[in-house]
Amino acid sequence: MALPKSVRIVEVGPRDGLQNEKSVIDTKTKIDFINQLSAAGLTTIEAGSFVNPKWVPQMADSAAVFSGIKRAAGLSYAALTPNIQGFERAVSAQVSEVAIFAAASEAFSQKNLNCSIDASLARFTKIMRAASDANIPVRGYVSCVAGCPYQGDVDPKVVQTLSRRLIDMGCYEVSLGDTTGVATPLQTAHLVETVASAVAVDKIAVHMHDTRGQALANIFAALQLGVSTVDSSVAGLGGCPYAKGASGNVATEDLIYMLNGLGIEHGVDLNKLIAAGQYICTSIGRSNESKVAAASVYC
Ligand code: HMG
Ligand code: MG
């Protein structure tokens, strides 16, 4: 079986994880949380987003979060940017990299970005130009890669074409988002194979929400095809405000446990990570969705 020797984890808990929380989370808690994640050995942390704060109020303090975190050398602190206005705010906050996010479904693009897929790409072109001038790496997301809550089935060929366009625009990597956690492992394998016929596999990441408990199985399917970048969210925090019922990404603790069992390197200290997950869950009064964190209490 061809598995990667090491996996790069993109921790999306502070952004994808917290963006959906209804209660106000104070900025200091977010900063402490991110500092604990970096101390646990995570090297890419999506720390916030510079979207319209009326759309996602929980991310309104992202600039303050970025200015408060203790930046560790060699770590990348990323933020989502939907348009040039968001990109400029992100630059002012001294982000290490940004992420643009397109959808493989027109209906989801309208709900999430208030525009068509083509219009979103036109906005992203402006970001790409500015990012290239400022020497800021850009990651691309494709949402709804395995299905759309508004439109139903999504053709993997559409995901392939969109992924290729994001790479051609200058994204260093494209992350395939199963936004509502509908994918199953053979479907994921087919999707990754389809995208990999147009985009080098080392530029493909997977972003699996665990809504139906399939995330780890889907990630395993992707790893077997050579994918070596995986997004995850400590404590399984999160969801998408524009995908009702979607739960968080695969819990980072559970991903680490699986990688350990597979003998795949990742550089993360599991005990420190579990502590960071417990910290944020206790702070915001939310249940911890990581099975590995729950087991650590008893075994
Ligand atoms: P819009 O309302 O169409 O924007 O939103 P607009 O250009 O018409 O501007 C309206 C107002 O918003 C103006 O202010 C702008 O200045 C302001 P006003 O004149 O009314 O006072 N505005 C902004 N303010 C601050 N920062 C900005 C910004 N842009 C406009 N960047 C927009 C269009 C794209 C901005 C909006 O739809 C938006 O913010 N969408 C983001 C939604 C979001 O964050 N969704 C969750 C993240 S995506 C996700 O979770 C999926 C992912 O995890 C992958 C997966 O799971 O599949 C990545
Ligand atoms: Mg997501």
Side-chain angles (χ1 to χ4, degrees), residues 10-21 46-63 78-93 95 97-105 107-117 119-124 126-127 130 138-151 154 159 162-163 166 171 173-183 188 191 205-211 215 218 230-234 236-252:
V10 176
E11 171 60 47
V12 297
R15 193 281 302 171
D16 199 334
L18 298 185
Q19 70 182 6
N20 213 24
E21 290 295 321
E46 211 171 68
S49 71
F50 294 93
V51 299
N52 183 342
K54 288 197 185 118
W55 283 56
V56 186
Q58 193 60 261
M59 293 288 113
D61 64 347
S62 284
L80 290 195
T81 54
N83 53 18
I84 194 72
Q85 191 177 341
F87 178 79
E88 281 159 5
R89 290 175 60 213
V91 172
S92 302
V95 304
E97 63 177 279
V98 298
I100 56 177
F101 46 111
S105 126
F108 191 78
S109 185
Q110 288 294 346
K111 294 274 183 193
N112 201 38
L113 291 166
N114 207 20
C115 66
S116 67
I117 298 169
S120 73
L121 294 175
R123 287 177 185 170
F124 298 150
K126 289 189 191 159
I127 295 181
V138 184
R139 187 171 202 243
Y141 278 106
V142 180
S143 288
C144 298
V145 294
C148 168
Y150 307 106
Q151 208 175 294
V154 167
V159 181
L162 193 50
S163 300
L166 290 173
C171 290
E173 167 178 287
V174 63
S175 180
L176 305 179
D178 181 16
T179 318
T180 48
V182 291
T188 301
L191 175 72
V206 287
H207 177 104
M208 295 289 166
H209 283 264
D210 202 26
T211 317
N218 291 334
V230 179
D231 300 1
S232 61
S233 176
V234 71
L237 295 171
C240 174
Y242 297 97
K244 263 206 163 46
S247 54
N249 253 260
V250 63
T252 312

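The structure displayed is predicted, hence computed values, not measured ones. This chain uses plain numbering: 1 for the first residue, then up along the sequence. Atoms considered below: every heavy atom in the structure, side chains included; atoms not considered: hydrogens, waters and symmetry mates. When a ligand or atom number is given, it counts from 1 through the structure's own listing order.
- Checking only distances, F50 does come within under 3.5 Å of ligand 1, N or O to N or O.
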**OP:** Go through L113 and R123 one step at a time and tell me if the side-chain contact (heavy atoms from CB on, under 4.5 Å) criterion holds.
**Re:** CA-CA 10 Å; L113 291 166; R123 287 177 185 170; 4.3 Å; yes

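- Between NE2 of H207 and NE2 of H209, the angle at the Mg ion (ligand 2) works out to 90°, rounded to 10 degrees.
- Near S143, with a cut-off below 4.0 Å to any heavy atom, the atoms of ligand 1 are 51 (C), 54 (C), 55 (C), 57 (O).
- Considering only non-hydrogen atoms, atom 49 (C) of ligand 1 lies nearest to R15 out of H207, R15, K111.
- Close approach of ligand 1 to G177 is summarised as follows: ligand atoms under 4.0 Å from at least one heavy atom of the residue are 57 (O).
- Close contacts between ligand 1 and H209 involve ligand atoms 56 (O) [criterion: under 4.0 Å to a heavy atom].
- Taking CG of L176 as the reference point, atom CG of N218 lies at 11.5 Å (rounded to 0.5 Å).
- Heavy atoms of P53 come nearer than 4.0 angstrom to ligand 1 in at least one pair.
- Taking any N or O of N52, backbone or side chain, at least one lies under 3.5 Å from an N or O belonging to ligand 1.
- The residue Q58 has no part lying near ligand 1, judged by heavy-atom distances below 4.0 Å.
- Residue D16 counts as close to the Mg ion (ligand 2), with an N, O or S atom under 2.8 Å.
- By the 4.5 Å heavy-atom criterion applied to side chains, S232 and E11 are counted as neighbours.
- Relative ring orientation between F124 and F101 is described as tilted, the plane-to-plane angle lying within the 30° to 60° band.
- For ligand 1, the atoms sitting less than 4.0 Å from at least one non-hydrogen atom of V56 are 43 (C), 44 (O), numbered in the order shown with element in parentheses.
- Residue L80 has at least one heavy-atom neighbour below 4.0 Å for each of these atoms of ligand 1: 47 (C).
- Numbered from 1 in the order shown, with element, the atoms of ligand 1 that lie under 4.0 Å from a heavy atom of D16 read 53 (O).
- Checking V10, L80, I100 one by one against R139, the side-chain contact (heavy atoms from CB on, under 4.5 Å) holds for a single residue, V10.
- Not a single N or O atom of V142, backbone or side chain, sits closer than 3.5 Å to an N or O atom of ligand 1.
- For P82, every heavy-atom contact with ligand 1 shorter than 4.0 Å involves the side chain, none the backbone.
- At a 3.5 angstrom cut-off on N or O pairs, N112 counts as close to ligand 1.
- In terms of N/O distances under 3.5 Å, ligand 1 is not approached by D178.
- In summary, the side chains of R89 and Q85 do not present any donor paired with an acceptor at a separation below 3.5 Å, with no hydrogens or angles considered.
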Subject >> Candidate pair N249 and D231, rule side chain to side chain donor-acceptor pair (under 3.5 Å), full reasoning >> reply: CA-CA 8 Å; N249 253 260; D231 300 1; over 6 Å; no

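- Atoms of ligand 1 found under 4.0 Å from any heavy atom of N83 (numbered from 1 in listed order, with element): 27 (C), 28 (C), 29 (N), 30 (C), 31 (N), 35 (C).
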Subject >> Evaluation steps, side-chain contact (heavy atoms from CB on, under 4.5 Å), between L121 and L166 >> reply: CA-CA 8 Å; L121 294 175; L166 290 173; 4.0 Å; yes

Subject >> Pair F108-V154, side-chain contact (heavy atoms from CB on, under 4.5 Å): steps then yes or no >> reply: CA-CA 11 Å; F108 191 78; V154 167; over 6 Å; no

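- Each of the atoms 34 (C) of ligand 1 lies under 4.0 Å from some heavy atom of R123.
- One option in Q85, R89, Q110, E46 has a heavy atom closer to atom 26 (N) of ligand 1 than any other, and that option is R89.
- When every heavy atom of A93 is checked against every heavy atom of A63, the shortest pair comes out as CB-CA, 4.2 Å.
- The CG atom of L191 lies 7.5 Å from the OG atom of S163; values are rounded to the nearest 0.5 Å.
- Proximity of D16 to H209: side-chain heavy atoms (C-beta onward) are separated by under 4.5 Å at one or more points.
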